[in-house]
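Shown next, in structure tokens, is the structure this report addresses.
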Amino acid sequence: MRSFLGKRAIASGVSLLGLIVLVFFLSRLTGDPTNLYLPLDASTEAREQFREMHGFNDPLIVQFGRYVADLAQLNFGQSLRQARPAMEVVIEAFGWTLCLAAVTMTIVTVSAIVIGSLAAFRVGGIFDRMATFFSLVGASAPDFWLAIVAIVIFAVNLHWLPTSGTGSVAHWILPVSVLFIRPFGLILQVVRGSMINVLSSAYVKTARAKGVRSRSIIFVHGLRNAMLPVITVIGDQAASILNGAVVVETVFGFPGIGKLMIDSILLRDFTVVLAVIMVSALAIFIMNLLIDLAYAMLDPRIRY
Amino acid sequence: MTDARILTEETPKRSGAFSRWLSMLWADKFAFFAAIFLLIVLLCAILGPYFLGDAANKMNLRGRNAAPFHLRHGIMYVLGADALGRPLLARVIVAAQNTILVAAAAVCASALLGSALGLVAGYSRRSAAQWIMRLGDVIMSFPSLLLAVIVLYMLEPSVANIVLVLAITRIPIYLRTSRAETLEIRERMFVQAAKVMGASNTRIIFRHILPVMLPTLVTIATLDFAFVMLAESSLSFLGLGIQAPEITWGLMVSQGRPYLTNAWWLSFWPGLAIILTTLSLNLLSNWMRIALDPTQRWRLEMGGRKNG
């Protein structure tokens, strides 16, 4: 187990290092932030002073050396946009996204597993066809479109829910429902496919022959064995929300990591971009570990 | 796009293959209508700009935000008009070209490059394989938004550059799939036999490994086509993709956003076009997963109940 963990950490660390180098140098290619932060009529001296203050005048390689030296002391730099430590800004936004991902994925997982297993129990039946078709429709809809259509219907016309922001439970309903749709469709398909395979296996037939109730066949005999591929997909989907549901967060004005990311990229807040990348890489690393642990728990044959 | 490729790919193999595939397509009604819809979209994409290019850009200020389902301004205005009075029906049809072109080019490029790299990574045991996989990890975790901004800033915002961004971000999918498949196939008996008989590496890869994993790759590519379309739409929606005056469906949705409360049709129709196209691709890829799998194909050839 320990050597497995070490190997994993090294591989991820190498990738993260490469990523940081790449992002550091490539993001500087997108232009000088000075013109974005100072007014148009700022004097040349003021511009020069701004660059001097934030160290944009030094050669790139010197800037990178300074960044790495700071990083070694766990100093992630200052946010240009908010004049606060970059890590503080990122952690704050990450908390919001983590909540959003947790709430959405819990609802998605429970409903996809229940509906998917029921659909697999009677393949080709009415319920199965409906579930398959609607999950496909859901998986095909672009989330920005769903988001704005939902805002028009529920916020603007019906006045049931707020259009954007955070604060009360009502603020969460629209973002969660829009985020819900695509992962739900995908996971439902995987649950269904995997359950169909498991339900046609010998031990399920035995259980049926013994007269075990169908509910416990589905949820006890079937589900546990059908869960392995499902967990992989759940992990992928959770990772994509953790990486920032950029569009949904932007449309609903949700102060999560996706919105932070796009704002920082557009305003050339390089330190925040790098901090976001590191935090989400760490989160995804931890999540992948949890998924591997879940594999081992579900299937005792898997050892690390 | 994709269905046309499948059909032309299969026809020369043996006579009657075309009608065999057609009847297998007919066996799954959803897939059949999906294929027909995709053909129509493809036709719009190819012919639309030639016939409707002018109509799509003709402003008619008296018809600003004209409501849909009226023939007052002519047949082109049946879906309404946008904020400059340009007919939405014509615009949706013309925008199909860029949307389909970008997605097709990105999918082809990433599929070719990704599966070639995956084959190498799976087939060779040297350290190159490790490097390719690490490269895949880096690409996978590189924020695609940042990539889009970098490309937009460094190069001109053009259709080709969006294709570049999307193609790069999708490489890991093919890389991982083809590597995993190669690792599995290379251990099979027929590959071992070919090796023992002294076949060269190129021959083993192209004659023995590639044909076995092609169905998987084609299915993934179809599914990915839908994904890339959505990704391009999201990028255009965020203002990082195709730039006006070029149009795509995603850009049209975003252009309609300010008028959402009083003219919902501006965003609704292009969004619907995206949904229907993606849905058709998903349905078709479901069908392909069965049709290209020799052990499952009987479900379609028998007709009748075939789900699962």
Side-chain angles (χ1 to χ4, degrees), chain A residues 11-12 14-19 21-23 26-27 29-31 120 123-125 128-129 132-133 136-146 148-149 151-153 156-157 182 185 189 192-193 196-197 200 239 243-244 246-247 250-251 258 261-262 264-266 268 273 276-277 280-281 284, chain B residues 30 130 133-154 223 226-227 229-231 233-240 249-250 253-254 256-257 260-262 264 267-268 270-272 274-283 286 289 304-308:
Chain A
S12 306
V14 169
S15 308
L16 182 61
L17 217 64
L19 189 65
V21 175
L22 216 60
V23 169
L26 285 180
S27 64
L29 294 178
T30 60
V123 178
D128 177 37
R129 276 156 181 258
T132 308
F133 187 73
L136 267 180
V137 174
S140 309
D143 42 8
F144 55 89
W145 187 80
L146 283 176
I148 59 181
V149 169
I151 287 183
V152 169
I153 296 178
V156 177
N157 287 336
R182 202 180 314 166
Q189 289 299 314
R192 178 178 169 275
I196 288 174
N197 273 341
S200 63
N243 251 331
V246 181
V247 170
T250 313
V251 173
M261 184 72 174
I262 179 111
S264 311
I265 289 175
L266 292 178
R268 314 286 185 263
V273 172
V276 168
I277 288 171
S280 24
I284 286 168
Chain B
F30 277 136
Q130 279 305 313
M133 291 320 285
R134 289 290 88 76
L135 183 73
D137 288 348
V138 170
I139 293 178
M140 223 166 169
S141 40
F142 196 92
S144 55
L145 287 172
L146 182 60
L147 190 67
V149 173
I150 292 169
V151 170
L152 260 186
Y153 195 89
M154 298 288 298
L223 215 54
F227 184 91
M229 244 183 67
L230 292 183
S233 306
S234 311
L235 278 182
S236 300
F237 178 78
L238 291 170
L240 302 176
W249 290 335
V253 173
S254 122
R257 203 173 148 206
L260 213 55
T261 44
N262 46 13
W264 53 267
S267 296
F268 182 81
L272 195 67
I274 298 176
I275 292 194
L276 287 178
T277 313
T278 328
L279 180 64
S280 305
L281 285 163
N282 283 337
L283 288 170
N286 261 2
R289 196 162 45 215
R305 291 265 174 105
K306 70 273 146 193
N307 270 330

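Proteins get letters first, then strands, A, B, ... in listed order; numbering begins at 1 in each.
With sequence neighbours left out, A:Asp143 forms a side-chain hydrogen bond (donor to acceptor under 3.5 Å, both in side chains) with no residue at all.
Between B:Phe268 and A:Trp145, the ring center distance clears the sub-6.0 Å criterion.
Heavy atoms of A:Val14 lying under 4.5 Å from chain B belong exclusively to its side chain. When heavy atoms are compared at a cutoff of 4.5 Å, B:Leu279 approaches chain A by way of both its backbone and its side chain. Proximity to chain B is limited to the side chain of A:Val273, based on heavy atoms less than 4.5 angstrom apart. When heavy atoms are compared at a cutoff of 4.5 Å, A:Ala141 approaches chain B by way of both its backbone and its side chain. Looking at A:Leu136, the atoms closer than 4.5 Å to chain B (heavy atoms on both sides) sit in the backbone and in the side chain alike. Neither the backbone nor the side chain of A:Ile151 comes within less than 4.5 Å of any heavy atom in chain B.
In terms of heavy-atom proximity, A:Val276 sits nearest to A:Met261 at CG1-SD, 3.6 Å. B:Val138 approaches A:Ser15 most closely through the heavy-atom pair CG2-O, 3.7 Å. Taking each heavy atom of A:Phe144 and B:Gly250 in turn, the nearest pair found is CZ-CA, 4.3 Å. The two residues A:Ser140 and B:Leu230 have their closest heavy-atom pair at O-CD2, 3.9 Å.
Put simply, of A:Val137, A:Val23, A:Val149, the one with the most heavy-atom pairs under 4.5 Å next to chain B is A:Val23.
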